[in-house]
Every structure is written in C-alpha cells, then in structure tokens.
Amino acid sequence: MENKYTEKSKSIWSMTTHLPPRNPLPGDLTVEAAVIGAGMAGILTAYLLQKQGIDVIVLEADQVASGQTKNTTAKITSQHGIIYQDLIKKLGKQKARTYALANEAAIRAYGEIIGEEKIECGFERLPSYLYTREPSMVVRLEQEAQAASALGIPAHFTQIHGLPFDTMGAVCFEGQAQFHPLAFLKHLSQKVTVYEGTRVLKVKKHMIWTDHGTVNAKHVVFASHYPFVNLPGMFFARQHQDRSYVLCLDHPDQLDGMFYSEDKDGLSLRWTHGALLLGGNSHRTGKNRTGGEYQRLKQAAKQYYPDSRIVARWSAQDCMPHDDIPFIGRYSVFRPFWYVATGFKKWGMTSSMLSAMIIRDQICGLQNPYARLFCPQRFHVRASLPSLLADMGESAISLTKGAFHLPLRAADLKEGHGGIIRIGFKRYACYKDEKGVLHKTSARCPHLGCELEWNPAEKTWDCPCHGSRFDYDGRLIDNPAQKGNAF
Ligand SMILES: Cc1cc2nc3c(=O)[nH]c(=O)nc-3n(C[C@H](O)[C@H](O)[C@H](O)COP(=O)(O)OP(=O)(O)OC[C@H]3O[C@@H](n4cnc5c(N)ncnc54)[C@H](O)[C@@H]3O)c2cc1C
Ligand code: FES
C-alpha cells in the first residue's frame, strides 16, 4: 500500500495503490481466449486460464480495476445478506447447498492464490456478521443462521459488541475474509497480458472489433460487469442495477469482524489499516430523485464516530439478477464459445472467483460442480417472477415517460440542479451549473432508449432501466450503454 490518505471522492483502494499503465492493443491478433474487462472477474479468469496453459489476453476499455472493482468494500464472504432460507424455499436444499459451497470454495481459492503468489494485500480471515437493530427481524436472522448451518457453513446466531450502537443480534459466519482489492489486482494483473485503453466495439462470433484493432478468439469471455451485447443473451431483461454509497473514516481502532445489515438505513462496516468503511443507502440506479445519500451517511458517521474524520467517499453499483443467483457460464446456446460473468448483486469478490473457476473449467473441458446452478440459461420461475415483473414495469414507465411526465421549463431549473426540460418538441436532460450555465444532453439512454433520471447525490444522469450512467455533459460513466448521451 502506497501513499497516505490525502484526497476525497475516490476510494481508499485507489488512493493507496498506483497501478502501472498498460499499452493498448498493438494491432490485429489471434488468440485462444479473449477476456473483455479487467475488473476482478476478468483478471481472475485470465489468470486461471493462463495457469492452464491457455493463450489469453484481456481487453480493457479504461484501466485495470477502473470499473466497479475499485469502489468495492472487498469483503470476501459467502454471507450475502439474508439468502439461504430463501434459496431453500425457492430452489430447494440441494441448490442452496451448492450456492453455499461454491462461495466457501471461492474464499478458500483467494487464500490459495494469495499464498502461492505471496501477494501483500492485507488478506485476513475474520468473521462476518449480518446484524439487525429491529426486534421484528430477529426470528428471520435466527432462521438464516439455521439454514446456513444446515447447508455446511460455520454459522450461528449471536449477540455482538464492538459497534457504537445496540443491535438485537447477528448471524455470524466464521472464517470469512477481507483484503485490499487493488493491491491484490496490481500483483495478479502483472501476470497476464492486459491491453488497456482498448474498448471492444463489436463482437461477432469469434471476431472482436476494438478501437485499436481486431482480435480473433476461439473463446470470448464477457467480464465487462454488464454484458453489453443484447442479443443473444438478453441479460438486459434479466437484471437491473443497484447503487450504494461508502464513506471512509480515519479510525485507528480495528473492528474484529465485518458487519452488514438489511435493516432500513442499515450500515455496512469494515476496517482496513486505520480506516473504517461505512456503507449504505442502497437504491435502484436512477431511483434517488431526492438524493441525500452521502448526507445520511455523514450524519451516521457523526453520530457513531464523532471523533473520526471523513477521508474519502465513493459509490458503486452492481447487477441484481431476478433469482438472486449470478449468471456465470455460457452466454447463450447460440454462442457456446462465449462466456459471461455478471449479476453479482454486490457480492462480486466471491462471485468473480467463482466465475473464473467455472469459465476456466468450461473452456478447458473440465467438470465443475457449481456450473449448473449458475448457468445463464436457467429460468427459475418462482424465484424470478416478482423481480421480472417489477423490472418490466420500470422499463415500461421509463420508455413511455415522455408521454405522461410534464417537463420543467429551463427558467424553473435551480442552479446546481438537473431536470428534464422540453425545448421545442424534444425533451432534454439538463443541468444548470452553479454559474447558471445550462448543460444539455439527450434525455434518452443510448442503450435501449429509456428516459434518464437526475441523480442529485452525484450530479449524474442515471438510467432506471438497466443502470447506465452519464455525467452532466453526456460522457459515459457506467455500462451497459457503450457510448455517451451527448449530442
Ligand atoms: C458499494 C458496493 C460495495 C461492494 N462491496 C462488496 C464487498 O464487500 N464484497 C463483495 O464481494 N462485493 C462487493 N461489491 C460488488 C463488487 O464490487 C462487484 O461485483 C465487482 O467489483 C464487479 O467486478 P467485475 O469485474 O464484474 O466488474 P468491473 O470491476 O466493473 O469490471 C468490468 C470492466 O470491464 C470494462 N469494460 C466494460 N465495457 C467494456 C468494453 N466494451 N470493452 C472493454 N472493456 C470494457 C470496464 O472498464 C471495467 O474495467 C460491492 C458493490 C458495491 C456497489
Ligand atoms: S441502461 Fe438500458 S435503456 Fe438505459
């Protein structure tokens, strides 16, 4: 870990790691496997493939770990909120057990790689606690502890101490882990061929077109966070994105565990080298019209850690699959040589490792005990239906919004605010800056045409359909869109 904490508004991981830049694709290439995206999923997949002797490259539009991975809280855990009792109910005990064992195997795999490669990334094993402050939730957490334990996870319900507020108890998973994700990726990415600044523009069968040349690959892995090829696969119809916010406090006292809560306004906490990460305020991307996410975290920080200084803040988002299970494996029956790793629902450390293990085995023709559960072609009607209907409703509203929603007049837009404004017959996404200058971009998302929403917490335009994001001048921030919405 380099530097000391000096800046705000970027993650503590980015502030303490310098990742040496890599060259773009030098021209046309033919390889055995091409991985699109150099986040946690892409680098791990390339690393494991290379260990099997596969000739693999990684194509990265920006830089290693420049996507969601740089803004994670980096808990490596099979404790993914309240999940095991629900998986048992919806999918049965066998599938729930596979989910548990797969994620526990992913934790062990991190330990093995870090040990083998001697990576200094602050990897440490410690318990993870899912706590509640609400009396009505205690029974549900007790049931979660029983369900997880019955599936083979070392889990129990317990009372916790060491947090600056009272809780009603927590589900404890023993032997979980945390680390510095960029220190880890800095080391691992040096082991594989990565072409940075190389955006993939189009993929057709084995041919990949980038802005720096073409790649012909026997196997193509989409580790781009959100798979951006809409057909086949249709991942846009099977997941949406949720955002969350993090504050980093100067805090010398170590926490003896990682903490998470599903209560309304519940906080996620973990400690790293003199810094405490405080996370929360999750919402569907494009659905925070009133904003105040950082403000609420700041209030919590002031209340619970009055002597601590805020040294950084950041946010990130992740893909939320309808049935709560990531999509890992073959992209589509029509493209058996394409693979995908997405839908990590904010638990992408274990899911990235699992993706790497499953995709490596599929490319190498090996059996993988977890592949079937995560198969992207599955459809679990009972587990998927409620989220599927909600997403369809959200898309319908966003696509037809122009017909029903009255736009603002430019004169009514306050300085420092954004809104949809009609100019002539067209609707525009407009932001009026502090000097009164109007920044005008298209109100339509270039992905599939939904109307964008203003995100006052971050001064961005966010798409409620599938989560693409743009700055107020229309530059692309987050996919699945692959270009900005500026004119
Ligand atoms: C606030 C927050 C906290 C979280 N905390 C945790 C946690 O504690 N534990 C945990 O397990 N998970 C956590 N997660 C989830 C985890 O951070 C993510 O699931 C994970 O980082 C995703 O990694 P990825 O490699 O799939 O995506 P990314 O890191 O986004 O990587 C995708 C890469 O693909 C590149 N790319 C995209 N399109 C193209 C293209 N066309 N051509 C070339 N490259 C392209 C991007 O530039 C990017 O670098 C958290 C998520 C959030 C939102
Ligand atoms: S992200 Fe799909 S329409 Fe905007």
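Numbering of ligands and ligand atoms starts at 1, following listing order.
Taking the six-membered ring where the residue is Trp, the centroids of Trp314 and Tyr294 are separated by 6.0 Å or more. You'll find the ring centres of His219 and Phe337 outside the 6.0 Å limit. Aromatic rings from Trp271 and His251 are positioned such that their centres are separated by 6.0 Å or more. Under the 6.0 Å cut-off for aromatic ring centres, Trp338 and Phe222 qualify, their centroids lying closer than that. Proximity of the aromatic rings of Phe235 and Tyr226 is defined here by a centroid distance below 6.0 angstrom, and this criterion is not met. With ring centers used as reference points, His240 lies 6.0 Å or more from His466. Between Tyr428 and Phe487, the ring center distance clears the sub-6.0 Å criterion. Checked against the 6.0 Å centroid criterion, the rings of Tyr472 and Trp454 do not qualify as a close aromatic pair.
For atom 1 (C) of ligand 1, the closest heavy atom belonging to the protein is Ser244 CB, 3.6 Å. Nearest to atom 23 (O) of ligand 1 among the protein's heavy atoms is Thr69 OG1, 3.2 Å. In terms of protein heavy atoms, atom 19 (O) of ligand 1 is closest to Asp318 OD2, 2.6 Å. The nearest protein atom to atom 36 (N) of ligand 1, hydrogens excluded, is given as Ser224 CB, 4.0 Å; this is a heavy-atom distance. For atom 9 (N) of ligand 1, the closest non-hydrogen atom on the protein side is Lys75 O, 2.8 Å. Among all protein heavy atoms, the one lying closest to atom 43 (C) of ligand 1 is Ala61 N, 3.2 Å. The nearest heavy-atom contact from the protein to atom 31 (O) of ligand 1 is Gly39 CA, 3.5 Å. What sits closest to atom 14 (N) of ligand 1 on the protein, heavy atoms only, is Lys346 O, 3.2 Å. Of all protein heavy atoms, the one lying nearest to atom 3 (S) of ligand 2 is Leu448 N, 3.2 Å. At the top of the distance list for atom 1 (S) of ligand 2, counting protein heavy atoms only, stands Ser468 OG, 3.1 Å.
Every atom of ligand 1 with a heavy atom of Asn479 under 4.0 Å away is listed here by number and element: 37 (C), 38 (N). Numbered from 1 in the order shown, with element, the atoms of ligand 1 that lie under 4.0 Å from a heavy atom of Met349 read 9 (N), 10 (C), 11 (O), 12 (N), 16 (C), 17 (O), 21 (O). For ligand 1, the atoms lying closer than 4.0 Å to a non-hydrogen atom of Phe344 are 19 (O), 26 (O). Counting the atoms of ligand 1 from 1 in the order shown, those under 4.0 Å from a heavy atom of Gln482 are 38 (N), 40 (C), 41 (N). Each of the atoms 25 (O), 26 (O) of ligand 1 lies under 4.0 Å from some heavy atom of Ala41. The distance from ligand 1 to the heavy atoms of Thr198 drops below 4.0 Å at these ligand atoms: 43 (C).
Here's the thing with Asp242: none of its N/O atoms is less than 3.5 angstrom from an N/O atom of ligand 1. Where the criterion is an N or O separation shorter than 3.5 Å, residue side chain and backbone included, Met40 meets it with respect to ligand 1. Annotation: Ala65 places no N or O atom under 3.5 Å from an N or O atom of ligand 1; distance criterion only. Backbone and side-chain nitrogen or oxygen atoms of Ser352 are examined, and none is located within less than 3.5 angstrom of a nitrogen or oxygen of ligand 1.
When only modelled atom types and interatomic distance are considered, Thr214 and Asp28 share a side-chain donor-acceptor pair under 3.5 Å. Side-chain atoms of Ser268 and Lys75 include a donor-acceptor pair closer than 3.5 Å.
Here Cys463 does not reach atom 2 (Fe) of ligand 2: none of its N/O/S atoms is less than 2.8 Å from the metal.
Residue contacts with ligand 1 for Ala74 involve N, CA, C or O but no side-chain atom from C-beta outward (heavy atoms, distance under 4.0 Å). If you look at Tyr245 next to ligand 1, there are no close heavy atoms at all, none under 4.0 Å. No part of Ser315 comes within 4.0 Å of ligand 1, judged by heavy-atom distances. The proximity of Leu59 to ligand 1, defined as any non-hydrogen pair under 4.0 Å, is limited to the backbone. Residue contacts with ligand 1, taken as heavy atom pairs separated by less than 4.0 Å, involve Gln317 solely via the backbone atoms N, CA, C and O. In Val200, the parts holding a heavy atom less than 4.0 Å from any atom of ligand 1 are both the side chain and the backbone.
Contact annotation: Gly467 has at least one heavy atom less than 4.0 Å from an atom of ligand 2. For Gly279, the heavy-atom gap to ligand 1 stays at 4.0 angstrom or more.
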If you apply the rule side-chain hydrogen bond (donor to acceptor under 3.5 Å, both in side chains), what do you find for Asn71 with Gln68, and how did you get there? CA-CA 5 Å; Asn71 290 343; Gln68 307 309 321; 5.5 Å; no

Evaluate Tyr99 against His80 for ring pair (Phe, Tyr, Trp, His ring centres under 6.0 Å), listing each step before the verdict. CA-CA 11 Å; Tyr99 188 95; His80 297 177; 5.6 Å; yes

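The atom of His447 nearest to atom 2 (Fe) of ligand 2 is ND1, with the search restricted to N, O or S atoms. Take the N/O/S atoms of His466: the one nearest atom 2 (Fe) of ligand 2 is ND1.
Gly175 and Ile107 get closest at one heavy-atom pair: O-CG2, 4.0 Å.
For the cysteine pair Cys465 and Cys450, the distance separating the two SG atoms is below 2.5 Å.
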